[in-house]
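These notes are about the structure you will find just below.
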Amino acid sequence: MAKVSKKKASKKKTRSGGAEQSNEGHPDVIYDDEKEEDATDDDVTVEDEDGYDERKRQKLLEAIGTLSGKRKKTLGERSEAAVHMSEFTVNAEGEGDKVDLSDLIGSMKTTPGLSGKSKKRLKNLEQSRKTIECPLSKQESERIRRDLAFQKVSKEVSHWKSVIRQNERAEQLVFPLNQEHSGPKPIERVVMDWKAQTPLEQEVFTLLSANKQPINDPILTPTEEASMKAMSLEEAKVRRAELQKARALQSYYEAKARRQRKIKSKKYHKVLNKAKSKDFQKQFDEMVKRDPAAALEELNKMEMARMQERMSLKHQNSSKWARSKAIMAKYDEGARKAIQQQLEVNKDLTQKLVTSLNKEEEETMEEEGNADVVPDFVNDAEQGLDFSNPWMTGKLSQDCVEKETSNAVTIRAEENVAEEEEVEETEEEVLLREFDNRRKRRQAQEADAPVMLMEEEEEEEENKDASDKEEEELSEFTSLFKGLAEGCGEADTAAELEKELKIRCQEDEELLTQGKEAEEEEATDKGPVVPQRPPATENTQKTGKSRKRRKGIELKQVLTKGTQVLQVPFAPTIEDAEDSEEKLDQRGLIKEAFAGDDIISDFLKEKRKQEDAGKPKAVDLTLPGWGEWGGGGLQPSCRKRRKFRRKMTPPTPRKDQHLPGVIISEKRSSSIRLHQVNALPFPFESPSVFENTIRSALGRTWNTERTVKKVTKPKVVTKLGAIIEPMTREELVKDKNGASAGTSSSVKRKP
Amino acid sequence: TFTWLKTFCSRPPNETADTGLPAELMLMVMQPGGPGIPQCNARSPTLFTINTWLVCSLLANIFVAIIFPFCKRVPLRYQMKVKVIARNPDDYVRETKLDIQRVPRNYDPSLHPFEVSREYTRALNATKLERVFAKPFVASLDGHRDGVNCMAKHAKSLSTLLSGSCDGEVKVWNLSKHECVRTLQAHEGFVRGMVVRYCGTSFFTVGDDKTIKQWKMESPGYGEEEEPINTILGKTVYTGLDHHQNDPVFATCGQQVDIWDEQRSSPIRSFTWGVDSFSSVHFNPVETELLASCASDRSIVLYDMRESTPLKKVIMTMRSNTLSWNPMEAYYFTCANEDYNLYTYDMRYLAKPITVHMDHVSAVLDVDYAPTGKEFVSASFDKTIRIFAKDGGHSREVYHTKRMQHVICIKWSADNKYILSGSDEMNIRLWKANAAEKLGVLAPREREAANYSQKLKEKFQHHPQIRRIARHRHLPKTIYHQTKELRVMKEARRRKYANVRKHSKPGSVPVVSEKEKHVVTVVK
């Protein structure tokens, strides 16, 4: 191409001399299609590659002509523009002098540079008699060329398919497409665009650049910059030493860990774990004193681990390993132990963590020497999350003192039968159970489950009418706190209970809490709603006795007892003595209040009327006089009437058949019909899909702020006052990169 | 109890502190939104603040005034419960004014049984309001002394528009000020085509005087004469012009399609296919080497600038006046046809258009895509402008004014906000692309509200009332009647064809879809 352009340049130069002259100077110039057009404009003639080829051919022909010796140049000069030129750009003038193929071949023989192979091929050609196929017509060859070009282009264009599809599917498109991020730009970039223009500026800049002085903002010479980057020797040394040390330490630790991992002794690992946990305990204790927030976090973590354990079956006996061990357990002591251990792990992990916290708190309390009952409870109340509410602060503590004392009294009254040495323990036991009952009762109430109560509770009610009121208040309070400390849930009340227990007797608290926890867990496992029947008083006594021996609650003994569920109308939480006497509920009250106007019966009447109206009536099709004597006053016969009486099919059952308080009208209402969609709109394929799109509300009345923002995102976002350029090839590249990244990520995601 | 309640409530709160409440009266403290309502006996007088006192007194008054007469039959020995709404200021008062207002809401769907109907009402209102605020006409630019024949958008400036009229005058407009900045007599006779160079420093015009002229964008300085930078004298009339997206190459059409280098005075390539004249030529803005042109033999021809031959052509039943490439989707273009329709083609499959866009009632003269490539606008001989979604069979919007005559040229502004139309009666009109849109910067709340109502309209768009209101447009009587007439004609033709099918040998008369109907052949 370079060559061609050079040629062109030279051509141009000659042309600048004068168009006519150029024609004279090159008598053997042949005009091609394009040139012919331009020939009319006297100053414009341009040759392109075709012309160049033509010239070459001319030269070749010339050379051939000279070879024969006889021929002279007979190609004529073109003097006027012809409308149509021969396709092969040969003038009609030179028609007489044809070049034969044999002429050309004749010269071949004499040419020394030809290889034997090509000579042989020529010979073969000469011998063969086959005619060569004539070339395709111009139209056909053009068509083929066009087709090929079109295929190429359409293939090229199809690369955009993925981009287009992606944009169509995109939830939101932001235009202009490739926006530069707004914000401050580094000064260099801004300054770079600026150029010295005036001579003075140019001079200044040449001076600056000559002396390697900075032009841009951080005004530092290159040497200065280099020195800034460099560090002092001492610093570098220190840094290197640090790095070395760190690396060495890391390698030591790694080696140690590897060694430890390789030790197969189970005992060793057990001891190690124990030591670790002990260490952790110590740390935790300190943390509680020093940094309660961190301790809380730690606790949360433990709680999380517990949750995970409870959710997973990792340490249950459902794993493959456990099952195999279970088979072996019959014969192998070791396998049995292993399973035991695993279950223990599970138990440890699923244990409630609250106790430890409470223990801590209590210990601190003990240290303070504050054994007073009242302030403790007050503190607890303030922890109930809503101490900010001015309503909740106040004289709550008075009640709770009362409650506490009364509680104690009731318990003591109850426990008269119990043996004196075990008094404390049983007392706790009962108290615990009582609280538990109450808690469960509350749960049941909240879940709207059928209200159930324990036998024991009833007995108690009979026993202590006097203390009942106080009891109610207590329950009120506990429920109040439950409501307030929503997030705390069970744990809070449990903590509260335990606190009280702790105050009473502190020696056995550990055992107790453990037992209680176990109970709780079991209860929650079995089902949250149905309260479990706790062991009766006799039962507790028994356990108390047994505990005297074993000092711990035997889970199986306590929990495998069949529970007796009794249906007892649950007493409302707030009720006075009067109220309990007159068991009139709100509905009854209303009924009584509106005793005169009988709305209910009116409603029922109306409903019946509507039902009747909806029923199809039998149609009498008798034609008087048909097949009988006619005339005035004649009645069609009874038989006939019976015959022609058509009973209609009963209608489909009404929707409000089983709803006594509702009238559902199934008639089509014309006023509503105006607003209803009567045909499934186009893009939807099933009514249910369409209904779903309508059903989900978009507004902020029904959705959270974030959802609303997400749902109401506009499909196309344009920037105010920004020119949106058409898509560029970069988008295609970007898309390809994105797609490859996407596939790789998806591959990563799969395992 | 009532009398007591009344006396109690009529007393100021400090007094109640002394008296206290009798044990029978239990006040339930209700907190909105809390699941387990904490219940509390309000025996302790400190719990009574002024707030509750007010509420209590109010309740008591209501009770005594309204409910009491009805309750005469209720024996008073029944203890009545009074529910008091207590509010903790911490629940609803912001800490600082920069906090968002806390709105206590329960999103439980079972508590909102009428959400769909409420949203429907909102959607209906939004649709009505949209119609109320639909005022698309912004301004009219007058100054031309003949019909506006062509327009060009500035490549770099949103506020600049160039227009060429039938008397050879070119005007440069400042859109924000609604005024003409510069006027030049570019050609003798029509200005047929005009295009701004991609850098925005100069523009090209072609006219009936067989010349291509390049002009500077800046107006000449004081005392200088208005002269083109370059003038190319051609042999034939040029009817259209377009510039390459980012190379100094432009294309003209007339007797043939020529590709020009800006530096040369002769075309670097010219394409012919048969003997026809071309009415317009357009570069593909995405695949920048491709072109398409509309010829007078009812065909659309595709070219590749790099090839020496055209690529393909499709012949339709009627002539296409012009076409426009989708600026975001490389292989789609839409052509404006004489048969009142627009056709969107995929350039790879020319045998059948992707979509037929109907609604005009006369020849469509010009079409231009929105820069987002989602919609396009068309100008018609029926004196209306219509906006179509790129895949919508019918227009979503129609603009017209009493004074606007045949709309000859149309442009969609590069920021996707405005539409510019040049018409026969010498005016250029500026329209909003979205008729009901509020112009200018929106406050965040406004924007949110607009987005919400937009989504609502989309959600309920299939409901008959909403669709009816959203589609309602006032049309000039002629257009209204012509539309009707066309509908009748179309129906008659359809019926006739159906009858022919019915009464001929099965299979001998094939079903021809609307899309296939308008394509005659594809020539390779």
Side-chain angles (χ1 to χ4, degrees), chain A residues 38 44 46 142-143 145-147 149-150 153-154 156-158 160 164 167 173 175 388-389 391 394-395 446 476 479-480 482-484 573-574 576 578-579 582 584 589 592-595 674-675 677 681 693-695 697-699 702-704 711-714 716 718 720-724 726-727, chain B residues 23-24 26 29 34 36-40 44 46-47 70-71 73-74 78-79 86 88 90 107 112 115-116 119-120 122 156 158 245 265-266 285-287 290 304 307 309-312 327-331 347-348 371-372 374 414-416 441 448 451-452 454-456 459 462-465 524:
Chain A
D38 299 332
V44 192
V46 177
E142 285 262 291
R143 180 181 296 167
R145 257 202 285 174
R146 279 196 299 258
D147 204 25
F150 176 75
V153 164
S154 62
E156 200 176 302
V157 161
S158 296
W160 288 97
I164 289 169
N167 282 356
L173 284 175
F175 294 105
S388 57
N389 192 344
W391 284 64
K395 299 211 170 176
E446 276 165 19
E476 256 177 301
S479 67
L480 177 69
K482 200 171 165 4
L484 291 172
T573 36
I574 334 167
D576 283 7
E578 260 183 70
D579 205 56
E582 321 267 354
L584 203 78
L589 209 71
E592 187 131 12
F594 296 96
L674 267 180
H675 296 271
V677 183
T693 61
I694 295 297
R695 199 175 298 140
L698 309 173
W702 307 282
N703 292 307
T704 55
V711 168
T712 60
K713 222 164 53 168
V716 174
T718 54
L720 205 66
I723 290 178
I724 303 167
M727 199 171 268
Chain B
E24 304 95 79
M26 309 294 285
V29 180
I37 305 300
Q39 294 155 341
C40 164
S44 50
T46 45
L47 283 183
F70 293 104
C71 295
R73 285 160 239 145
V74 181
Y78 293 137
Q79 182 237 310
N88 179 5
D90 289 355
Y107 295 121
H112 302 283
E115 53 185 5
V116 176
E119 282 219 320
Y120 174 77
R122 285 181 195 181
K156 297 288 170 199
L158 275 174
Q245 195 65 31
S265 50
S266 61
V286 188
E287 278 291 329
L290 302 180
D304 187 346
E307 304 284 341
T309 52
L311 300 176
K312 212 167 207 177
M328 289 293 155
E329 300 177 353
Y331 43 74
M347 67 159 280
R348 298 166 300 168
T372 56
K374 297 277 172 202
D415 61 347
N416 198 36
V441 184
E448 274 168 29
N451 289 346
Y452 177 49
Q454 183 58 38
K455 280 287 155 178
L456 280 184
K459 184 181 164 189
H462 303 295
H463 287 68
Q465 286 296 303
K524 271 186 188 172

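Residue numbering restarts at 1 for every chain, and letters A, B, ... go by the order of the sequence lines. These values consider heavy atoms only, across backbone and side chains, with no hydrogens, waters or symmetry-generated copies.
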Go through the atoms of B/Lys156 and report whether side chain, backbone, both or neither lie under 4.5 Å from a heavy atom of chain A. both

Chain A heavy atoms under 4.5 Å from B/Gln465: which part of the residue, side chain, backbone, both or neither? both

Going from [atom1] on [X] to [atom2] on [Y], what distance comes out if it is rounded to the nearest 0.5 angstrom?
{"X": "A/Leu674", "Y": "B/His463", "atom1": "CG", "atom2": "NE2", "value": "12.5 Å"}
{"X": "B/Leu311", "Y": "A/Arg145", "atom1": "CG", "atom2": "CZ", "value": "12.5 Å"}
{"X": "B/Lys374", "Y": "A/Asn167", "atom1": "NZ", "atom2": "CG", "value": "6.5 Å"}
{"X": "A/Ile164", "Y": "B/Met328", "atom1": "CD1", "atom2": "CE", "value": "11.0 Å"}
{"X": "A/Ile724", "Y": "B/Asp415", "atom1": "CD1", "atom2": "CG", "value": "7.0 Å"}

Report the option among B/Glu307, B/Glu329, B/Gln245 that has the most heavy-atom pairs separated by less than 4.5 Å from atoms of chain A. B/Glu329

Pick from B/Val441, B/Leu456, B/Leu158 with the largest number of heavy-atom pairs that fall under 4.5 Å of chain A: B/Leu158

State, without any angle test, whether B/Glu119 and A/Trp702 hold a side-chain donor-acceptor pair at a distance under 3.5 Å. no

Options [options], ranked by heavy-atom pairs under 4.5 Å with chain B, top entry:
{"options": "A/Glu142, A/His675, A/Arg143", "value": "A/His675"}
{"options": "A/Thr718, A/Val716, A/Leu173, A/Ile694", "value": "A/Ile694"}
{"options": "A/Leu698, A/Val677, A/Thr704", "value": "A/Leu698"}

Check: A/Arg146 side chain, B/Lys524 main-chain N or O, donor-acceptor pair, under 3.5 Å: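 Checking the backbone N and O of B/Lys524 against the side chain of A/Arg146, a donor-acceptor pair under 3.5 Å is found.
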
Could you tell me whether the side chain of B/Lys312 and the main chain of A/Asp147 form a donor-acceptor pair under 3.5 Å?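 No.
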
Nearest non-hydrogen partners of A/Ala697 and B/Glu115, listed with the distance: CB-OE1, 3.7 Å

Is there a side-chain contact between B/Met347 and A/Val153, using heavy atoms and a 4.5 Å cut-off? yes

So do B/Gln454 and A/Pro714 actually touch side chain to side chain, heavy atoms under 4.5 Å?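 A side-chain contact is absent here, since even the closest heavy-atom pair is not under 4.5 Å.
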
Quick one, B/Leu290 with A/Glu156, criterion side-chain contact (heavy atoms from CB on, under 4.5 Å). Give me CA distance, side-chain angles, the key distance, then yes/no. CA-CA 11 Å; B/Leu290 302 180; A/Glu156 200 176 302; over 6 Å; no

Given heavy-atom pairs under 4.5 angstrom as the criterion, report whether the side chain, backbone, both or neither of [X] touches chain B.
{"X": "A/Ala722", "value": "backbone"}
{"X": "A/Val157", "value": "both"}
{"X": "A/Leu720", "value": "side chain"}

Please evaluate residues B/Val286 and A/Trp160 with respect to the criterion side-chain contact (heavy atoms from CB on, under 4.5 Å), reporting the C-alpha separation (whole Å), side-chain torsions for both, the decisive distance (0.1 Å), and the verdict. CA-CA 10 Å; B/Val286 188; A/Trp160 288 97; 3.3 Å; yes

